[in-house]
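Heavy atoms only: backbone and side chains are in, while hydrogens, waters and symmetry mates are out.
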Amino acid sequence: MKRVMLTVAYDGTNYHGWQLQDGQITIESELNAALSGITGEEIKVSGASRTDAGVHAKGNLCVFDTEARMPAEKFSYALNTYLNEDIRVVDSVEVDGSFHPRFTLTEKTYCYRIYNSKFANPLYRLYSHHSYIPMDTDLMNKGAEYLIGEHDFKSFSSVHASVQTTVREITGAEVKKNAELIEINIKGYGFLYNMVRIIAGSLMEVGSGKYPPERIGEILEAKDRAKAGPTAPAKGLTLENIRIIGS
């Protein structure tokens with residue numbers, strides 16, 4: 001028996017998120033079906049990040065156990081012949097049998113993209129949120145500074161989330177603009193349900209002038225979801241990578 005870790009990129013447009021759901025097509029269900037077909041075993045992958053419906057990824061991680069004789073590095077090639085074109089395994093390696101990316105220290109990087117122009121661009125429609133309201137990225141960066149560090153992010157979590165603690169640590173928060181495309185880059189050791197999308201929605205309110213930058217700090221202190229901005233649409237969010245730090 002060996003454990004294999006996959007690095008998976010996907011366009012989440014046509015999927016109901018990462019996690020298995022009855023009667024729904026998910027990234028996890030597609031990987032399970034492909035691996036089971038390759039190995040002849042009943043394979044169930046276990047992922048590092050359970051992205052929501054419509055969210056994309058360039059580098060999500062998952063592991064699975066198999067008795068197949070195929071070398072770990074060959075699984076990426078085999079899987080990509082089975083999977084739809086909107087899912088690709090970009091790496092496969094053997095890892096220690098006790099390793100699991102969800103239970104080791106990792107730093108996740110997310111990017112939320114906004115196409116900020118009078119009219120939408122059809123070439124960006126699947127991977128960014130369109131807003132015709134002009135946004136000031138300098139103000140957005142000032143607001144983002146309040147997020148860095150360890151805080152109670154209860155205000156930036158879905159009210160339906162069930163967790164032991166809403167304290168998380170953000171290691172980086174930066175807003176960049178290239179022509180009409182605005183990118184909100186957020187790094188951290190862990191995120192609450194809908195946390196990045198609520199941060200993005202709140203920073204957009206800052207960029208449009210509805211909130212002053214210091215409002216982000218006030219939202220943190222309030223520990224009240226109702227004080228934060230809207231949850232930004234899923235299609236603008238991409239999990240860029242997951243960096244393994246260690247136990």
Between [X] and [Y], what is the shortest heavy-atom contact and its length?
X	Y	answer
S92	L6	CB-CD2, 3.6 Å
H151	L147	CD2-O, 3.3 Å
A34	L83	CB-CD2, 3.9 Å
A48	K108	O-CE, 4.0 Å
E94	A72	N-CB, 3.3 Å
L239	S49	CD2-CB, 3.8 Å

State, with a plain yes or no, whether a side-chain heavy atom of [X] is found less than 4.5 Å away from one of [Y].
X	Y	answer
H129	M204	yes
E150	R168	no
E30	N84	yes
E73	V93	no
K74	L79	no
F156	N194	no
L203	N141	no

Notebook entry, point to check: Quick one: do the T166 and D152 side chains pair a donor with an acceptor below 3.5 Å?
Noted result: yes
Notebook entry, point to check: Under 3.5 Å, is there a donor-acceptor pair linking the side chains of R125 and T13?
Noted result: no
Rounded at 0.5 Å granularity, tell me how far [atom1] in [X] sits from [atom2] in [Y].
X	Y	atom1	atom2	answer
T231	L237	OG1	CG	11.5 Å
T51	W18	OG1	CH2	7.5 Å
I87	N80	CD1	CG	10.0 Å
K227	K154	NZ	NZ	13.5 Å
L61	T106	CG	OG1	8.0 Å
K58	E240	NZ	CD	4.0 Å

Using a 6.0 Å cut-off, check whether atom [atom1] of [X] has over 12 heavy atoms from anything other than its own residue.
X	atom1	answer
F99	CZ	yes
K2	NZ	yes
L126	CG	yes

Would you say the side-chain atoms of [X] pair up with the backbone N or O of [Y], donor to acceptor, closer than 3.5 Å?
X	Y	answer
T104	P101	no
D86	Y10	no
S155	K223	yes
S208	E205	yes
T26	S29	yes
N116	M135	yes
T39	L35	yes
S36	A33	no

Note to self: Can you tell me how the ring of F191 sits relative to the ring of Y110, calling it parallel under 30°, perpendicular over 60° and tilted otherwise?
What the structure shows: perpendicular
Margin query: Using 30° and 60° as the class boundaries, would you call the ring planes of Y132 and H130 parallel, tilted or perpendicular?
Written below: tilted
Checklist line | Pairs flagged by ring pair (Phe, Tyr, Trp, His ring centres under 6.0 Å) wherever residues 23-66 is involved - sequence neighbours left out | finding: H56-Y127, F64-F75
Answer yes if [X] and [Y] sit in the same cluster of Ile, Leu, Val, Met, Phe, Trp and Tyr residues linked by side chain heavy atoms under 4.5 Å apart, and no otherwise.
X	Y	answer
V55	I27	no
V206	M195	yes
I43	V8	yes
V4	V63	no
V45	Y82	yes

Check: Given D65 and K44, is the salt bridge (Lys or Arg N to Asp or Glu O under 4.0 Å) satisfied, shown in steps?
Finding: CA-CA 8 Å; D65 295 327; K44 293 184 179 180; over 6 Å; no
Margin query: Between I114 and L181, does the side chain to side chain contact (heavy atoms under 4.5 Å, CB included) criterion hold? Intermediate values first, please.
Written below: CA-CA 6 Å; I114 306 153; L181 193 64; over 6 Å; no
Which donor-acceptor pairs under 3.5 Å do side chains of residues 182-189 form with protein atoms, sequence neighbours excluded?
unit_1: E183; atom_1: OE2; unit_2: R113; atom_2: NE; d: 3.1

Check: What do the steps show when you test L31 against V89 for side chain to side chain contact (heavy atoms under 4.5 Å, CB included), and what is the final call?
Finding: CA-CA 9 Å; L31 289 170; V89 177; 4.2 Å; yes
Checklist line | Worked verdict on H100 versus S46 for side chain to side chain contact (heavy atoms under 4.5 Å, CB included) | finding: CA-CA 8 Å; H100 194 298; S46 185; 2.6 Å; yes
Item checked: Non-neighbouring partners of Y112 that pass ring-ring contact (aromatic ring centres under 6.0 Å, His included), sequence neighbours left out -> none
Notebook entry, point to check: Going through the distances and angles, do S202 and I216 end up as a side chain to side chain contact (heavy atoms under 4.5 Å, CB included)?
Noted result: CA-CA 7 Å; S202 300; I216 299 298; 3.9 Å; yes
Item checked: Ion pair R197/D52, N-O distance below 4.0 Å -> yes
